[in-house]
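See below for the structure under consideration.
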Protein chains: 4
Amino acid sequence: MPSPAAGRPARADARKNQDALLAAARTVFARSGVDAPAREIAAEGGVGVGTLYRNFPTRSDLVAAVFTTEIDATAAAAAEFLATEAPGAALEHWIARFTRFVATKQGLSAALRSGDPAFDALPGYFAEKLGPAMRSLLDAAEASGDVRPGVDPLDLLQAVGDLSHRAPSADGSPNAMVRLLLDGLRTREADAATQRPASS
Amino acid sequence: MPSPAAGRPARADARKNQDALLAAARTVFARSGVDAPAREIAAEGGVGVGTLYRNFPTRSDLVAAVFTTEIDATAAAAAEFLATEAPGAALEHWIARFTRFVATKQGLSAALRSGDPAFDALPGYFAEKLGPAMRSLLDAAEASGDVRPGVDPLDLLQAVGDLSHRAPSADGSPNAMVRLLLDGLRTREADAATQRPASS
Amino acid sequence: MPSPAAGRPARADARKNQDALLAAARTVFARSGVDAPAREIAAEGGVGVGTLYRNFPTRSDLVAAVFTTEIDATAAAAAEFLATEAPGAALEHWIARFTRFVATKQGLSAALRSGDPAFDALPGYFAEKLGPAMRSLLDAAEASGDVRPGVDPLDLLQAVGDLSHRAPSADGSPNAMVRLLLDGLRTREADAATQRPASS
Amino acid sequence: MPSPAAGRPARADARKNQDALLAAARTVFARSGVDAPAREIAAEGGVGVGTLYRNFPTRSDLVAAVFTTEIDATAAAAAEFLATEAPGAALEHWIARFTRFVATKQGLSAALRSGDPAFDALPGYFAEKLGPAMRSLLDAAEASGDVRPGVDPLDLLQAVGDLSHRAPSADGSPNAMVRLLLDGLRTREADAATQRPASS
DNA sequence: AATGAATGAGACTTCATTCAT
DNA sequence: GATGAATGAAGTCTCATTCAT
């Protein structure tokens with residue numbers, strides 16, 4: 001064991017608990033919504049409620065932390081997909097991932113609107129992190145001709161988010177309305193053909 | 001059985017309370033979500049909790065009643081608008097109204113998914129009442145050339161509903177994404193021009 | 001219809017309700033104990049709660065009335081049995097009947113001890129009515145040699161009552177401990193024979 | 001897992017509360033019956049309702065615990081009495097004690113019959129613990145000639161229990177009917193004379 | 001620092017009782 | 001007089017949160 005840099009072990013422990021709680025909260029929020037009992041989250045994380053309260057004094061702190069964490073992870077996935085897939089596929093996959101992220105947040109949008117100051121920074125964080133991520137995917141897809149230009153990344157994100165809201169969606173793929181929206185996003189080569197013929 | 005022809009006396013009062021409770025629930029649901037304390041609803045309606053429980057034994061009974069009532073009112077508005085406005089305006093106004101109805105239902109979609117059997121009939125009722133209403137508005141608007149044909153009323157309703165979800169919207173008009181969706185609904189005269197560069 | 005004596009019909013109605021309530025209370029007390037909801041009793045009697053309260057302002061009034069009524073009926077049965085059966089059988093049948101009366105009064109003894117003044121007269125009424133009834137049955141049975149003499153009727157009644165307390169008893173016959181007590185009551189002809197032989 | 005040898009710290013407190021609640025329940029059950037408000041029991045024990053619910057999630061858990069505890073204490077008293085008193089006195093005292101235990105259980109027999117599965121094991125526990133205790137006392141008393149042989153301990157226990165049911169009994173001694181029963185239990189020297197007319 | 005026991009506010013629900021019709 | 005709707009007190013139970021160990 002080549003102890004790296006004589007760090008204080010207590011820190012490691014604290015960090016471990018924080019991570020465990022974050023993961024637990026993610027799980028529980030998805031299962032029972034953001035109003036799930038604190039005890040359920042602590043139990044899922046394998047710690048006592050006291051520890052939960054020490055690390056996240058208020059529920060909104062925890063919610064915000066989970067939200068932030070997931071935004072980070074989701075944003076990071078964009079670069080990863082772009083690096084390993086064709087632009088169209090990357091965009092599609094990433095939206096599917098974003099969709100699952102949203103679906104996981106039972107009751108979050110209601111919480112956001114609650115006026116709790118702990119949430120004030122969240123929309124900004126969302127825009128700051130996911131806006132550029134979406135932008136990069138759209139740029140690539142526009143360049144490759146997969147989607148038409150002129151779409152605002154945040155508008156799209158919001159729309160997809162809203163449409164994903166009620167859809168736990170069987171296999172993890174976006175629900176019908178999202179697919180509809182995405183279809184509309186593609187370039188209109190074929191679309192035009194569909195629309196031109198003799199209308200009924 | 002004394003006086004044969006006499007109607008049921010106390011009924012008038014009971015009915016009044018029921019209406020008061022329905023109105024109160026509508027108000028409170030919009031303000032605090034469908035999970036608002038029973039006492040708050042009773043107080044808003046100016047009755048005791050006991051009365052609330054007598055008239056609506058379970059919370060889902062009340063939710064379902066409010067939902068049903070509003071669906072009826074919303075559906076009825078369609079005919080009214082059609083009779084007094086031009087097709088395009090009628091459609092637009094009605095959707096704005098529908099949008100407000102949805103925005104009022106904080107947490108309803110989550111409740112719907114709760115599996116409570118009291119909600120089983122609701123989606124069907126929604127489709128049965130609002131489908132034809134939307135259909136009639138779309139027909140008129142299509143006939144007058146305001147919107148393009150081929151739109152499924154229920155799909156549209158669902159999409160608008162989902163997009164309205166998080167938007168109490170300042171002045172009562174639909175939010176940006178809904179407007180976007182509605183723009184897409186209009187006839188593509190201009191749209192087509194934009195998309196088909198060389199139409200010659 | 002030879003109207004008997006031009007009585008006021010209202011009276012008949014009132015009496016009918018009272019009887020219906022008494023019967024209903026008997027049924028419900030047996031089913032759910034003397035603390036059963038007032039509404040359940042009113043419903044069983046086919047009247048509104050208001051009528052219940054008009055006829056029996058307090059629960060104890062009703063309990064006392066039922067109790068009194070049944071004491072009367074039980075006392076009356078003694079003479080009837082004596083007139084139609086042999087003394088031993090009459091005694092036995094009557095005790096079985098008394099046993100059922102007691103078993104029917106779930107929680108009555110607790111209520112009796114509650115200190116409610118409405119119950120003050122009950123023990124006296126019990127003694128006054130059932131004491132003589134039991135006395136007459138015992139006298140006959142003693143005379144016929146079926147039971148040994150020297151048993152106090154009220155003591156016996158109380159003991160049987162207490163022992164019947166926890167025994168809904170399958171077919172309506174007294175439970176094991178009561179039977180034991182009654183066995184002890186019989187003349188010891190056979191008993192002596194049983195006891196004399198070689199003790200273990 | 002830090003300090004290995006250290007016991008569980010907070011346990012002492014928890015145990016103390018549990019005991020306090022058990023004692024409180026015993027007191028309150030005796031005073032107000034087994035249906036006494038949860039809050040009353042918690043208050044008597046000097047704890048919050050939450051603690052009551054934590055330690056005894058359902059009322060039947062508490063009832064069963066009190067019952068079990070008292071059965072244990074009552075059973076233990078048998079050996080104690082046997083060791084310090086003459087067999088006849090030990091039996092008498094123990095029955096008096098048992099009588100008080102039963103008198104304390106206002107409404108318990110009704111609860112037992114409620115069908116709550118939490119009570120299923122109680123009759124068995126009663127028999128298992130008190131049967132042998134009574135047996136040992138009877139054996140000693142039979143050997144010393146104080147009581148006649150052939151009495152089933154559980155039958156006797158049940159009979160005494162039922163007869164004690166309604167008798168809080170002034171000075172703590174069994175009520176009249178129980179005394180009657182116990183008189184019948186004593187050896188029949190005199191009794192036999194009375195019963196066997198021509199013994200010669 | 002972590003733990004989980006204790007607390008008690010507050011939500012739910014049931015009924016006894018009153019009273020307008 | 002009868003009815004049953006309304007009331008609200010009272011009891012149950014569930015957590016969020018604190019705090020001793």
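Every chain is numbered from 1 and lettered A, B, ... according to where its sequence line falls, protein lines coming before strand lines.
Across all strands, Arg59(D) comes closer than 4.0 Å only to sugar-phosphate atoms, never to a base (heavy-atom distances).
Contact annotation: Arg39(B) does not reach the phosphate of dC12(E) (side-chain N/O to OP1 or OP2, under 4.0 Å). Considering only side-chain N and O atoms, Asn55(A) lies nowhere under 4.0 angstrom from the phosphate OP1 or OP2 of dA1(E). Distances shown here put a side-chain N or O of Thr51(C) below 4.0 Å from the OP1 or OP2 atom of dT3(F). Within the 4.0 Å cut-off from OP1 or OP2 of dT7(E), not a single side-chain nitrogen or oxygen of Asn17(D) is found.
Along DNA chain E, the nucleotide nearest to Pro57(C) and the one nearest to Val47(D) differ in position, and the one closer to the 5' end is contacted by Val47(D). With DNA chain E read from its 5' end, the first of the two nearest nucleotides for Gly48(D) and Gly50(C) is the one closest to Gly48(D). With DNA chain F read from its 5' end, the first of the two nearest nucleotides for Ala36(A) and Ala38(D) is the one closest to Ala38(D).
The distance from atom CZ of Arg15(D) to atom P of dT21(F) is 18 Å, rounded to the nearest whole Å. At whole-Å resolution of the value, CG in Leu62(D) and P in dC13(F) are 12 Å apart. Atom-to-atom, CG of Asp35(D) to P of dC15(E) comes out at 13 Å; the value is rounded to the nearest Å. Rounded to whole Å, atom C1' of dA6(E) lies 12 Å from atom NZ of Lys16(D). Atoms CZ (Arg54(D)) and C1' (dT14(F)) sit 12 Å apart, rounded to a whole Å. Between the CG atom of Leu21(A) and the P atom of dA2(E) there is a distance of 10 Å, rounded to whole Å. If you take CG of Leu52(C) and P of dA16(E), they are 10 Å apart, rounded to a whole angstrom. dT12(F) atom P lies 15 Å from atom CG of Asp61(D), rounded to whole Å.
Taking CG of Asn17(A) as the reference point, atom CG of Leu22(A) lies at 11.5 Å (rounded to 0.5 Å).
Base pairing of dT21(F) is made with dA2(E), judged by Watson-Crick or G-U wobble geometry with both donor-acceptor distances under 3.5 Å.
Without hydrogens or angle criteria, Asp72(B) side chain to Thr69(B) main chain gives no donor-acceptor distance under 3.5 Å. Listed for the Thr51(D) side chain is no donor-acceptor partner under 3.5 Å among the backbone atoms of Val47(D). Side-chain atoms of Arg59(A) never come within 3.5 Å of backbone atoms of Pro37(A) as a donor-acceptor pair (strictly under, hydrogens ignored).
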Verify ring pair (Phe, Tyr, Trp, His ring centres under 6.0 Å) between Phe67(D) and Phe101(D), making sure each step is shown before the conclusion.
CA-CA 9 Å; Phe67(D) 193 65; Phe101(D) 155 51; 5.8 Å; yes
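Ranking dA6(E), dA16(E), dG8(E) by closeness to the Pro37(C) side chain, first place goes to dA16(E). Side-chain atoms of Tyr53(D) lie closest to dC13(F) of the nucleotides dG4(F), dC13(F), dG4(E). With dA9(E), dA2(E), dT17(F) as the choices, the nucleotide that has an atom nearest any side-chain atom of Val49(D) turns out to be dA9(E).
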